[in-house]
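Numbers restart at 1 for each chain; the letters A, B, ... are given by sequence-line order, proteins then strands.
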Amino acid sequence: MSELGSAPAWPPAGCALVTGGSRGIGAAIARALAQDGWPVAVNYNGSAQAAAEVVSAVEAAGGRAVAIQGDVADPQAPELVFAQAEERLGVPVLALVNNAGITRDNLAPSLTDEEWDAVIATNLTGAFRFTRRALKGMMRARVGRIVNIASVSALRANPGQANYAAAKAGLVQFTRTVAVEVARRGVTVNAVAPGFIATDMTSELIGPDLLAVIPARRAGSSEEVAACVRFLVSRQASYVTGAVLTVDGGLGA
Amino acid sequence: MSAVTKEQVQERVVEALASFGPDAADIAPESTFEELDIDSLDLVELAQIVEDEYGVVLKGEDMKELKTVGEAVDLITERAN
Ligand SMILES: NC(=O)c1ccc[n+]([C@@H]2O[C@H](COP(=O)([O-])OP(=O)(O)OC[C@H]3O[C@@H](n4cnc5c(N)ncnc54)[C@H](OP(=O)(O)O)[C@@H]3O)[C@@H](O)[C@H]2O)c1
């Protein structure tokens, strides 16, 4: 396989699956990948209406997308979501973006088991199970792109987020390990670590005090995160694997 | 499920292994995975193919026991029937 000679068709004959694609960063990622020609499966959990709007926006722009319900913390979800994506879009999942995520902030002395478990189950275990399912098809296709949405909290301590930081740091090292395991199959596995991005998740956090510590002096947009994911999913990123790309206005620098 | 013959399994296993690198002509029942340069990731993929096609689940422990192509074919044939 020559990297310089004949360029393979891109996107390959597959679809992209974005978990938590109904709102915020995931919705921007779904729209961006659709613009690059990927048929997109937009997974959502509770926001059916928002997911339908993402699908409509993609279709209005001439792309193809379907909305698929599924709670990523449910062990059955990967099988059900992949089966639906592959049936409704007619091609295997060759790009997976593990974006679904939640916060349940609390200082460690008061952090409950439920808050701990919910964040680990959704942000870490869910990404593991979706990745495991995706690798089956990607390894055999000898091509695939997996992008895990981590966080600057994986790299830099943020009080109140011990559960979230543990999950996201776990996701970063999971990313690197899997990247090494499957690199010779043409499958790349990378992480994007956003800083403060203006979405529903952060609507109550972003104020003057917070902005003052961000070198760029502003929150990022979902589109700025999506642009990084778009690069990592592109053909041009074929030699980038096991990387963690921060998109944080300099916060982690 | 209808019976699968050892010959069918042998043919499918050789085809799968050849897709991982070695020449099909070099793959004999007595060949070891080590000689063929078939590594643990290749065996995981072989297990997936076998599961998809014959409904036979080969676990990590099963794969670790297998040293030769013939042993793999025998185990898969036995479990498939
Ligand atoms: N915003 C930030 O500043 C920031 C910074 C660093 C990292 N991140 C990470 O970026 C990702 C997206 O964050 P966001 O800011 O876009 O959050 P958001 O606006 O709260 O949106 C979260 C998305 O995840 C989905 N989701 C949540 N739990 C789910 C589950 N169990 N199963 C399936 N989908 C689920 C939601 O779907 P429904 O509404 O349909 O349930 C929604 O589409 C998360 O992994 C987050 O940790 C965000």
| Criterion side chain to side chain contact (heavy atoms under 4.5 Å, CB included) on A:W38 and A:L94, from CA distance to verdict | CA-CA 10 Å; A:W38 289 88; A:L94 293 181; 4.2 Å; yes
Assess the residue pair B:V4 and B:T77 against the criterion (side chain to side chain contact (heavy atoms under 4.5 Å, CB included)); give the C-alpha distance rounded to whole Å, side-chain angles, the decisive distance to 0.1 Å, and a yes or no.
CA-CA 7 Å; B:V4 183; B:T77 312; 5.7 Å; no
With side chain to side chain contact (heavy atoms under 4.5 Å, CB included) as the test, would you mind laying out the steps for A:I149 and A:I29 before giving the verdict? CA-CA 11 Å; A:I149 308 302; A:I29 294 169; 4.0 Å; yes
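In this structure, the portions of B:D42 lying under 4.5 Å from any heavy atom of chain A include both its backbone and its side chain. In this structure, chain A has heavy atoms under 4.5 Å from both the backbone and the side chain of B:S19. For A:R185, the part lying under 4.5 angstrom from a heavy atom of chain B is the side chain only.
Between A:F130 and A:L17, the closest side-chain pair of non-hydrogen atoms falls below 4.5 Å.
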